Amino acid sequence: MENIIAAIIFAVLTAAGTLGVTSLGMFVFYRDPDDRDAQQRNRFEYGFFGLAGLVVMLLMWYAL
């Protein structure tokens, strides 16, 4: 029970890292040949959330 904070931080680290990497994967592999504007908007969102997830992961790693 004394390491509950470390366990919670590790859970956030794992979740943020997983979501960050998968969002960056979607940024790389996402294609929409019908609507180029929608493709650019979605790729921008995927890139932003990917980088934000990785930043949160690194902050949690530092917190440990």
Side-chain angles (χ1 to χ4, degrees):
M1 218 38 202
E2 64 190 38
N3 289 332
I4 192 74
I5 301 298
I8 291 171
I9 290 174
F10 181 75
V12 171
L13 181 146
T14 305
T18 302
L19 290 174
V21 169
T22 55
S23 291
L24 286 178
M26 285 297 294
F27 171 77
V28 171
F29 294 118
Y30 182 75
R31 300 283 185 264
D32 187 4
D34 298 333
D35 191 2
R36 300 281 293 169
D37 291 334
Q39 176 182 341
Q40 290 301 320
R41 278 193 309 270
N42 288 336
R43 290 187 78 197
F44 181 78
E45 289 177 7
Y46 289 139
F48 174 77
F49 286 120
L51 288 176
L54 292 179
V55 166
V56 170
M57 180 192 73
L58 291 173
L59 285 173
M60 293 300 112
W61 190 9
Y62 182 72
L64 278 178

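The model shown is predicted, which means the values in this text are computed figures rather than measured ones.
In plain terms, the two heavy atoms of Phe10 and Leu64 that are nearest each other are CD1-CD1, 4.4 Å. Residues Leu51 and Leu24 approach most closely at N-CD2, 4.3 Å, considering heavy atoms. Residues Gly17 and Met57 come closest through the heavy atom pair CA-SD, 3.5 Å.
In this structure, the side-chain contact (heavy atoms from CB on, under 4.5 Å) partners of Asp35, at least two apart in sequence or on a different chain, are Asp32, Asp37, Ala38. With sequence neighbours excluded, the residues forming a ring pair (Phe, Tyr, Trp, His ring centres under 6.0 Å) with Tyr30 are Tyr46, listed by chain and number. With sequence neighbours left out, Val12 forms a side-chain contact (heavy atoms from CB on, under 4.5 Å) with Val56, Met60.
In this structure, Ile9 CD1 and Thr14 OG1 are separated by 11.5 Å, a value rounded to the nearest 0.5 Å. We find the CZ-CZ distance between Arg36 and Arg41 to be 13.0 Å, quoted to the nearest 0.5 Å.
No donor-acceptor pair under 3.5 Å is formed between the side chain of Ser23 and the backbone N or O of Gly20.
Follow the hydrophobic side-chain contacts under 4.5 Å out from Leu58 and you never reach Tyr62; the two are in separate clusters. If you chain together hydrophobic residues whose side chains sit under 4.5 Å apart, Val21 and Leu13 fall into the same group. Both Ile5 and Trp61 belong to a common hydrophobic cluster when Ile, Leu, Val, Met, Phe, Trp and Tyr are linked at side-chain heavy-atom distances under 4.5 angstrom. Met26 and Val55 fall into different hydrophobic clusters, where Ile, Leu, Val, Met, Phe, Trp and Tyr side chains are chained together by heavy-atom contacts under 4.5 Å.
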